[in-house]
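To start, the structure itself, in structure tokens.
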Amino acid sequence: MSKDIINDLIYLNPVSKDNRTDAKINEELKSLVKEYPIATPLYEIEFKKAITPIRKYYTELIKNFITSKLNEIISNSKTDKLEEEYQYLYAVAESGIKQYFNFIREHIENNNLTEDLYKSPSRDKKSDEAYVIHFMKYNCIMLFMELQERFKGKAEFEIMELEEIQETYLYEEASKDLVIKPYEGSPIHYTEKIKEDAKAFRPIKGDLEDRRENNKIIKFDDLIAKPDQFVIHEKTLNEYGIIDNEYEFIFKKGNKQLLAAFILQLKNKGYFNEFTFPGRKPIRDSKITDFFAHRYGNNSDIDKEYRNFKGTKALIFKLLVDKTYWLDKIS
């Protein structure tokens with residue numbers, strides 16, 4: 001699986017398609033490395049206990065992923081920053097969680113995965129998938145609540161209660177049972193995870209300092225019209241193995257087509273300015289593709305693929321976007 005467990009379990013490897021034996025699942029469950037919070041959580045989940053190996057495995061997988069996201073939130077909210085930095089970090093995290101809400105809601109609706117499916121004992125695969133998706137759902141709600149509490153007073157946003165979150169983003173009434181509650185475990189002394197995160201992907205809202213200066217390449221600020229949203233989508237490129245943690249293009253089958261479709265989708269959604277100033281000079285498509293070839297380094301020139309998608313292969317572009325949810329979600 002990739003670094004984004006939620007996307008994988010919804011779109012790539014749903015639980016209903018997991019045909020491993022219980023023995024194999026138990027073996028892999030033992031090999032999972034537990035992720036620990038770097039500070040005391042504010043909330044915890046009280047959910048139906050996982051009994052079967054498959055449910056135990058996926059709950060641990062989700063717990064680890066959510067804890068890693070929580071640690072990012074804690075770390076970003078702890079360090080002294082300018083108000084603009086807090087606002088930006090909050091916006092990035094909020095956008096990511098809202099995206100998860102959309103994916104989860106659509107998966108529940110499209111597959112009719114109601115909560116009653118997992119509440120009675122069953123060995124049915126659909127019951128397991130319902131269990132996992134709703135466990136995932138409540139963990140994402142809890143993560144959203146953690147985000148609000150930790151950035152309260154540091155960034156501007158309207159605080160939402162649990163019921164509002166569930167009704168607004170998941171289109172459902174809040175559970176009558178208290179699933180998310182204040183954390184009651186032992187306190188955890190805050191520790192920054194410097195070593196583990198030192199080489200993690202860091203969204204950069206601007207030109208990359210380690211790229212060779214080239215006066216023919218348009219500047220980030222001159223081209224990008226939606227910088228905050230743009231860097232969120234660049235993080236997605238990293239999560240799906242198209243660029244690495246150093247912003248270098250990963251040359252493998254299919255990546256050039258995905259990168260070309262990504263850039264054209266950004267253009268179609270208004271992410272690029274139409275003119276440069278002074279002089280109001282139109283920004284040509286070649287300027288756009290040159291910008292990305294310079295930004296992502298060796299083998300990342302997709303000018304040919306980009307032009308094909310705009311011309312003779314426009315239908316292939318549309319089909320690629322339609323079947324690739326992270327491209328389709330760019331707005």
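Quick caveat, the model's predicted, so the values are computed rather than measured.
- Using a 4.0 Å cut-off between charged side-chain N and carboxylate O, E28 and K24 make a salt bridge.
- At distances below 3.5 Å, at least one donor-acceptor pair connects side-chain atoms of Q87 with backbone N or O atoms of E156.
- Judged by distance alone, with hydrogens and angles left aside, the side-chain atoms of D8 form no donor-acceptor pair with the main-chain N or O of N13 at under 3.5 Å.
- No donor-acceptor pair closer than 3.5 Å links the side chain of T67 to the backbone N or O of Y36.
- Residues F309 and Q257 meet the side-chain proximity criterion, which asks for heavy atoms closer than 4.5 Å.
- The number of heavy-atom neighbours closer than 6.0 Å to CD of E44, taken from other residues, nucleotides and ligands shown, is above 12.
- Salt-bridge formation is not detected for the pair K69/E94: no Lys NZ or Arg NE/NH1/NH2 atom is positioned less than 4.0 Å from an Asp or Glu carboxylate oxygen.
- When hydrophobic clusters are built by joining Ile, Leu, Val, Met, Phe, Trp and Tyr residues whose side-chain heavy atoms come closer than 4.5 Å, directly or via intermediates, I51 is not grouped with I54.
- Y57 carries R20 over the face of its six-membered ring, with the cationic atom under 6.0 Å from the centre and within 45° of the normal.
- Taking the side chain as every heavy atom from C-beta outward, L61 and L32 approach each other to under 4.5 Å.
- Judged by distance alone, with hydrogens and angles left aside, the side-chain atoms of E305 form no donor-acceptor pair with the main-chain N or O of A260 at under 3.5 Å.
- At least one donor-acceptor pair closer than 3.5 Å links the side chain of N255 to the backbone N or O of G241.
- Linking ILVMFWY side-chain heavy atoms closer than 4.5 Å, directly or via other members, places I250 and L208 in two distinct hydrophobic clusters.
- The NE2 atom of H107 sits 5.5 Å away from atom CG of L113, with the distance rounded to the nearest 0.5 Å.
- The closest side-chain heavy-atom distance from L223 to I288 is below 4.5 Å.
- No side-chain heavy atom of R295 sits under 4.5 Å from any side-chain heavy atom of I243.
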As a quick check of understanding, evaluate side-chain hydrogen bond (donor to acceptor under 3.5 Å, both in side chains) for S16 and E129, giving each step before the final call. CA-CA 6 Å; S16 58; E129 186 154 2; 2.6 Å; yes
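- By the neighbour-count criterion of 12 heavy atoms within 6.0 Å, atom NZ of K205 is densely surrounded, having more than that number from other residues, nucleotides or ligands.
- Residues A130 and T114 approach most closely at CB-O, 3.9 Å, considering heavy atoms.
- Y118 and E115 share a donor-acceptor pair across their side chains, judged by distance under 3.5 Å alone.
- N64 has its side chain within reach of K34: a pair of non-hydrogen atoms, C-beta onward, lies under 4.5 Å apart.
- Between the side chain of N273 and the backbone N or O of F275 there is no donor-acceptor pair closer than 3.5 Å.
- Distance check: I218 CD1 to H294 NE2 gives 13.0 Å after rounding to the nearest 0.5 Å.
- Side chain of D22 to main chain of P53: no donor-acceptor pair is present (N/O by atom type, distance under 3.5 Å, no hydrogens or angles).
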Take V132 and D128, measure what side-chain contact (heavy atoms from CB on, under 4.5 Å) needs, and give me the verdict at the end. CA-CA 6 Å; V132 170; D128 289 332; 5.5 Å; no
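- In this pair, F47 and F135 present their aromatic rings perpendicular. The plane angle is above 60°, beyond the 30 to 60° band.
- Here the closest non-hydrogen pair linking T168 and M160 is OG1-CE, 3.4 Å.
- Between the side chains of Y100 and D4, at least one donor-acceptor pair of N or O atoms lies under 3.5 Å.
- In terms of modelled atom types and a separation under 3.5 Å, the side chain of N308 and the main chain of K313 share no donor-acceptor contact.
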Stepwise side-chain contact (heavy atoms from CB on, under 4.5 Å) test for L89 and K154: CA-CA 10 Å; L89 290 168; K154 298 173 182 176; over 6 Å; no
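- Dense packing is recorded around CG of D210, with more than 12 heavy atoms of other residues, nucleotides or ligands lying under 6.0 Å away.
- Put simply, the residue from Y271, F230, F272 that forms a ring-ring contact (aromatic ring centres under 6.0 Å, His included) with F220 is F230.
- No side-chain heavy atom of I141 sits less than 4.5 Å from a side-chain heavy atom of V179.
- For the pairing with N102, the side-chain hydrogen bond (donor to acceptor under 3.5 Å, both in side chains) check across R105, Q99, K98 returns one residue only, R105.
- A donor-acceptor pair under 3.5 Å is absent between the side-chain atoms of T324 and the main chain of V321, judged by distance alone.
- Applying the salt bridge (Lys or Arg N to Asp or Glu O under 4.0 Å) rule to pairs touching residues 254-266 yields nothing, sequence neighbours excluded.
- Side-chain N/O atoms of Y58 and D18 include a donor and acceptor closer than 3.5 Å.
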Quick one: do I283 and T276 satisfy side-chain contact (heavy atoms from CB on, under 4.5 Å)? Show the steps, please. CA-CA 7 Å; I283 297 175; T276 57; 3.6 Å; yes
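- Within 6.0 Å of atom NZ in K318, 12 or fewer heavy atoms from other residues, nucleotides or ligands are found, so the atom counts as exposed in its surroundings.
- Atom CD1 of I242 and atom CD of E234 lie 11.5 Å apart (nearest 0.5 Å).
- Taking NZ of K137 as the reference point, atom CD1 of I6 lies at 13.0 Å (rounded to 0.5 Å).
- Nearest heavy-atom pair, M142 versus I180, reported as atom, atom and distance to 0.1 Å: N-CD1, 3.7 Å.
- A cation-pi arrangement, defined by a distance under 6.0 Å to the six-membered ring centre and an angle within 45 degrees of its axis, is absent between K287 and F291.
- The backbone N or O of F103 lies less than 3.5 Å from no partner atom in the side chain of Y11, so there is not a single donor-acceptor pair.
- More than 12 heavy atoms of other residues, nucleotides or ligands shown are found within 6.0 angstrom of CD on E164.
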Can you list the steps and then say if N238 with N245 is a side-chain hydrogen bond (donor to acceptor under 3.5 Å, both in side chains)? CA-CA 7 Å; N238 173 257; N245 291 350; 3.0 Å; yes
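- Side chains of L266 and F292 form a contact here, defined as non-hydrogen atoms less than 4.5 Å apart.
- The six-membered or imidazole ring of F157 lies near that of Y90, with a centre-to-centre distance under 6.0 Å.
- Taking the charged nitrogens against the carboxylate oxygens, K310 and D285 do have a contact shorter than 4.0 Å, which makes a salt bridge.
- A heavy-atom distance below 4.5 Å is not found between the side chains of N139 and F65.
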Hey, mind stepping through E146 and Y183 against side-chain hydrogen bond (donor to acceptor under 3.5 Å, both in side chains) and telling me if it holds? CA-CA 11 Å; E146 288 268 4; Y183 180 76; over 6 Å; no
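- L259 is not connected to L319 by any chain of hydrophobic side-chain contacts under 4.5 Å among Ile, Leu, Val, Met, Phe, Trp and Tyr, and they are in different clusters.
- Note: F151 and Y86 have perpendicular aromatic rings, judged against thresholds of 30 and 60 degrees for the angle between ring planes.
- Between the CD atom in E149 and the OH atom in Y43 there is a gap of 4.0 Å [rounded to 0.5 Å].
- Applying the ring-ring contact (aromatic ring centres under 6.0 Å, His included) rule to Y88 yields no partners; only residues at least two apart in sequence or on another chain are considered.
- Counting all heavy atoms, side chain and backbone alike, P203 lies closest to K235 at CG-CD, 4.3 Å.
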side-chain contact (heavy atoms from CB on, under 4.5 Å), that's the test. Do T289 and R307 meet it? Break it down for me. CA-CA 10 Å; T289 55; R307 285 186 283 107; over 6 Å; no
